[in-house]
Protein chains: 2
Amino acid sequence: MEVFAGSSGNNAVPPESAHSSLQPVEIEIIHLFIQFAAALGQPRSVAEIYGLLFVSDKPLAMDTLIERLNMSKGSASQGLKYLQDLGAVRTIYVAGDRRTHYVAVAELRKLAGRYLRQQTLTHFEETDSRLDRIAALTQHLSEDQKKHIAERISLLRRWERTGRRVMPFLLKMLGGE
Amino acid sequence: MEVFAGSSGNNAVPPESAHSSLQPVEIEIIHLFIQFAAALGQPRSVAEIYGLLFVSDKPLAMDTLIERLNMSKGSASQGLKYLQDLGAVRTIYVAGDRRTHYVAVAELRKLAGRYLRQQTLTHFEETDSRLDRIAALTQHLSEDQKKHIAERISLLRRWERTGRRVMPFLLKMLGGE
DNA sequence: AAAGTTGTTCAAGATTTTCTGAACTAAAAA
DNA sequence: TTTTTAGTTCAGAAAATCTTGAACAACTTT
């Protein structure tokens with residue numbers, strides 16, 4: 001897909017093959033998600049899919065995404081799987097149509113919650129036990145170093161605890177509605 | 001640098017050239033930061049630098065980092081610049097030594113605060129004005145679509161406001177100390 | 001059956017990001 | 001002045017990531 005520069009003063013020319021049947025509004029919204037995804041280090045294709053589903057009035061099938069975003073089958077399939085696992089997309093049954101249809105999950109709480117969990121939870125779990133082991137490695141160091149490292153380790157422990165405490169609070173702020 | 005698999009059951013063999021003069025504790029701590037950086041999509045070399053400064057008892061010069069992390073001059077220079085701009089590293093004057101020395105800034109509030117700001121602030125600024133423009137693009141669409149998109153846009157507006165509101169609270173939770 | 005849909009998987013290609021090292025500037029020491 | 005040291009910059013190499021498309025599986029329709 002090619003969501004070119006956008007912005008108000010859009011002086012970009014659609015690339016030759018851009019038969020993309022996307023409306024200007026759609027392009028702009030998708031562009032917004034692409035930018036956001038970039039900030040989170042997430043792949044463009046995933047943002048495109050989510051963006052189009054987000055603006056779309058009705059559920060879309062993979063076919064449609066492939067065609068309208070001018071994207072490969074592989075990317076579409078993988079991207080949808082990723083979004084589904086994340087809980088950012090839901091499947092919808094459309095009577096009389098064999099294809100699976102998708103809609104964007106648009107509740108900030110769910111989105112951010114699952115994303116944060118996916119990104120951090122594993123971490124916290126591991127860090128704690130890892131720090132225990134690290135503490136054991138300070139044997140044959142000078143007293144000064146030993147002391148300093150002990151301090152660093154307890155600092156890391158505090159950071160971890162803070163992280164854990166912050167999460168539920170964050171979720172509450174995002175989800176009250 | 002080569003912080004190999006680590007963990008308790010470390011069955012990895014140091015690669016041939018690893019004359020790295022790193023202590024096991026250092027390796028483990030650095031490894032921790034590398035993992036964390038990976039979750040944030042930050043380059044490994046930056047994590048290595050911050051990690052070594054974090055465990056180190058005393059300020060280190062670029063030279064030392066290059067040697068101990070077995071890293072190129074370019075990476076060290078750029079990495080230090082990045083960390084300094086972020087406020088994650090501070091320079092220290094060491095009497096009788098011409099070289100600049102560095103220490104890790106280890107206050108969660110400062111670190112997270114600046115990082116969040118760097119990652120999000122620009123965004124929020126732009127998003128708002130962008131949404132105004134997008135609203136103007138819905139002219140020649142069906143009533144249904146127009147309505148749906150209007151809803152989506154106001155949803156995005158709410159998300160943005162939430163984001164803005166969350167930041168200061170977050171900072172407070174991270175920084176009380 | 002055979003032919004057509006819908007969708008997944010994955011090796012190879014394309015793209016992006018990161019790292020390196022040599023060339024360079026600036027300043028201090030000899 | 002000349003030489004050495006400290007540090008930056010940036011083009012190209014190396015590595016990591018993302019995308020594609022062809023092969024395939026499973027299931028419907030003809």
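Per chain, numbering begins at 1; letters A, B, ... match sequence-line order.
Here D:dA6 presents its C1' atom at 17 Å from NZ of B:Lys81, a figure rounded to the nearest Å. Atoms CE (A:Met71) and P (C:dA14) sit 18 Å apart, rounded to a whole Å. If you take NZ of B:Lys73 and P of D:dT8, they are 10 Å apart, rounded to a whole angstrom. The distance from atom CD of A:Gln42 to atom P of D:dT19 is 11 Å, rounded to the nearest whole Å. C:dG7 atom P lies 7 Å from atom CG of A:Asp63, rounded to whole Å. If you measure from atom CG of A:Asp85 to atom P of C:dT8, you get 11 Å, rounded to the nearest angstrom. For B:Leu69 and C:dT20, the CG to C1' distance is 15 Å, given to the nearest whole Å. Between A:Ile66 atom CD1 and D:dA22 atom C1' the separation is 14 Å, expressed in whole Å.
Checking A:Gly74 against B:Gly74, the closest nucleotide of DNA chain C that is more toward the 5' end is the one next to A:Gly74. Along DNA chain C, the nucleotide nearest to B:Val46 and the one nearest to A:Ala61 differ in position, and the one closer to the 5' end is contacted by A:Ala61. Checking B:Met62 against A:Ala76, the closest nucleotide of DNA chain D that is more toward the 5' end is the one next to B:Met62.
The side chain of A:Pro43 approaches D:dC18 more closely than any other nucleotide in the set C:dT6, D:dC18, C:dC19. With C:dT6, C:dG21, D:dG21 as the candidates, the nucleotide lying closest to the side chain of A:Arg99 is C:dT6.
Between A:Lys147 and A:Glu143, none of the side-chain N atoms (NZ, or NE/NH1/NH2) sits under 4.0 Å from a carboxylate O, so this pair counts as no salt bridge.
Among the atoms of the strands shown, base atoms are found under 4.0 Å from some heavy atom of A:Ser75. As judged by a 4.0 angstrom heavy-atom cut-off over every strand, B:Arg98 is placed among the base-contacting residues.
Aromatic ring orientation, B:Phe33 versus A:Trp159: perpendicular (interplanar angle above 60°, classes split at 30° and 60°).
Side-chain heavy atoms closer than 4.5 Å link hydrophobic residues (I, L, V, M, F, W, Y) into clusters, and following such links, even through other members, never connects B:Ile92 to B:Ile49. A continuous path of ILVMFWY side-chain contacts below 4.5 Å connects B:Val166 to B:Leu155, so both sit in one hydrophobic cluster.
Proximity of A:Thr100 to the phosphate of C:dG7: a side-chain N or O atom is located under 4.0 Å from OP1 or OP2. Phosphate contact (OP1/OP2 of C:dC19, side-chain N/O of B:Ser45, threshold under 4.0 Å): present. Phosphate proximity of C:dC19 to B:Ser72: absent, as no side-chain N or O sits under 4.0 Å from OP1 or OP2.
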With side-chain contact (heavy atoms from CB on, under 4.5 Å) as the test, would you mind laying out the steps for B:Leu52 and B:Tyr102 before giving the verdict? CA-CA 11 Å; B:Leu52 185 50; B:Tyr102 299 86; over 6 Å; no
